Amino acid sequence: MVRPSATRQSHNTEACRGAWTGEEDQKLVQAIELYGPRRWNVVAANAGLNRCGRSCRLRWLNYLRPNIKIGNITDQEEDLILRLHKLLGNRWSLIAGRLPGRTDNEIKNYWNSHLSKKIKLQNQNRVLKMESMHTQPPEIDAVKVLEDNEKATTKVEEESKTTRFIEGDDLFHCADEDPLSLEWMSKFLDLDESWFEFA
DNA sequence: AATTTGCCCAACCGCAGACTC
DNA sequence: GGAGTCTGCGGTTGGGCAAAT
């Protein structure tokens with residue numbers, strides 16, 4: 001569905017640009033206290049900022065809202081992201097919803113800059129290991145290694161697509177919960193992964 | 001010391017579903 | 001019921017910084 005007028009309206013290009021200043025943040029928080037963190041165009045119009053509603057929303061969700069955690073993703077969180085990504089694919093908001101205080105943008109960035117490389121390396125190592133186990137000549141066919149790596153990555157992606165069985169995003173949304181809840185989530189995923197191995 | 005390169009991450013964009021009138 | 005508007009999501013971009021040359 002293409003609605004150019006709507007797109008134009010919600011992208012006031014002159015009013016949406018640039019990094020946020022401390023002063024802008026303050027004004028935004030004050031406006032949200034008055035109008036609530038939902039009516040973004042109302043907030044934007046009344047905050048005294050040269051920003052559009054969606055820019056305000058993004059700033060609030062990613063940096064200003066209470067209980068937000070920025071940076072220092074722990075090993076436990078990283079492990080959880082890896083498992084959830086295996087289950088849910090690139091559904092960053094769903095993954096973020098299961099990591100208290102983390103945002104979809106942060107997880108997406110973390111995945112793109114850290115974890116995707118990590119996974120590629122793991123796949124590469126796995127393929128090399130398999131290669132060495134077979135009776136093929138010792139020299140490695142670099143093209144084949146890359147192809148196999150791609151195949152392995154695609155397989156993981158396909159698996160994640162076919163395993164999106166968790167219906168209802170609010171089912172166990174825990175964005176505002178205690179970080180300790182990561183433990184039960186890990187246990188849940190352990191159970192879940194063993195189920196898939198069994199199946 | 002100056003320049004180039006590569007990486008990270010905050011912010012933007014397009015799309016699509018939900019909502020309102 | 002349909003057009004217009006709002007909101008949320010995921011992909012992408014580009015500025016800033018550190019490391020390498």
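Treat the numbers as computed from the prediction; the structure is a model and nothing was measured. So that the names make sense, note that chain A is the first sequence line, chain B the second, and so on, each numbered from 1.
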May I ask you to verify if any side-chain N or O of A:Y63 is less than 4.0 angstrom from the OP1 or OP2 atom of B:dA10? yes

Between C1' on B:dG6 and NE2 on A:H114, what's the gap in Å once rounded to a whole number? 13 Å

Phosphate-side-chain proximity, A:R57 and C:dC9, N/O vs OP1/OP2 below 4.0 Å: yes

Return the value, rounded to whole Å, for the distance between atom CG of A:N62 and atom P of B:dC9. 13 Å

With a 4.0 Å cut-off on N to O distance, would you call A:E24 and A:R59 a salt bridge? no

With A:Y110 via ring-ring contact (aromatic ring centres under 6.0 Å, His included) - residues at least two apart: A:H114

What are the two closest non-hydrogen atoms of A:W60 and A:P37, and how far apart are they? NE1-CB, 3.6 Å

Taking A:Y35 as the starting point, is it possible to reach A:L64 by hopping between hydrophobic residues whose side chains are less than 4.5 Å apart? yes

Check this one for me: any side-chain N or O of A:R38 less than 4.0 Å away from OP1 or OP2 of C:dG8? yes

Separation of C:dC9 P from A:L88 CG (nearest whole Å): 14 Å

Taken in chain and number order and not counting sequence neighbours, the residues that satisfy side chain to side chain donor-acceptor pair (under 3.5 Å) with A:N112 are none

Partners passing salt bridge (charged side-chain N to carboxylate O under 4.0 Å, His left out) against A:R57 (at least two apart in sequence or in another chain): none

Report all interatomic pairs (protein N or O, nucleotide N or O of nucleotides 10-16 of chain C) with separations under 3.5 Å.
| residue | atom | partner | partner atom | Å |
| --- | --- | --- | --- | --- |
| C:dG10 | OP1 | A:W92 | N | 3.4 |
| C:dG10 | OP2 | A:W92 | N | 3.3 |
| C:dG10 | OP2 | A:S93 | N | 2.8 |
| C:dG10 | OP2 | A:S93 | OG | 3.3 |
| C:dG11 | OP1 | A:N90 | ND2 | 3.1 |
| C:dG11 | OP2 | A:W92 | NE1 | 3.0 |
| C:dG11 | N7 | A:K108 | NZ | 2.7 |
| C:dG11 | O6 | A:K108 | NZ | 2.8 |

Tell me, which of residues 21-32 of chain A have any heavy atom that sits under 4.0 Å from an atom in DNA chain C? none

A:W20 CH2 to B:dC9 C1', straight-line distance once rounded to whole Å: 17 Å

Is any side-chain nitrogen or oxygen of A:R59 closer than 4.0 Å to OP1 or OP2 of B:dA10? no

Consider side chain to side chain contact (heavy atoms under 4.5 Å, CB included). Of A:L80, A:L99, A:L84, A:L115, which one does A:I107 pass it with? A:L99

Could you give the CD1-to-C1' distance, from A:I107 to B:dC8, as a whole number of Å? 16 Å

Could you tell me which non-hydrogen atom of A:A19 sits nearest to which non-hydrogen atom of A:R51, and how far apart they are? O-NH2, 3.0 Å

Using whole Å, report how far NZ of A:K69 lies from P of B:dC9. 16 Å

May I ask you to verify if any side-chain N or O of A:W40 is less than 4.0 angstrom from the OP1 or OP2 atom of C:dG8? yes

What's the CD-C1' distance between A:E106 and B:dA10, to the nearest Å? 11 Å

Residues which pass side-chain contact (heavy atoms from CB on, under 4.5 Å) with A:L34, listed by chain and number, not counting sequence neighbours: none

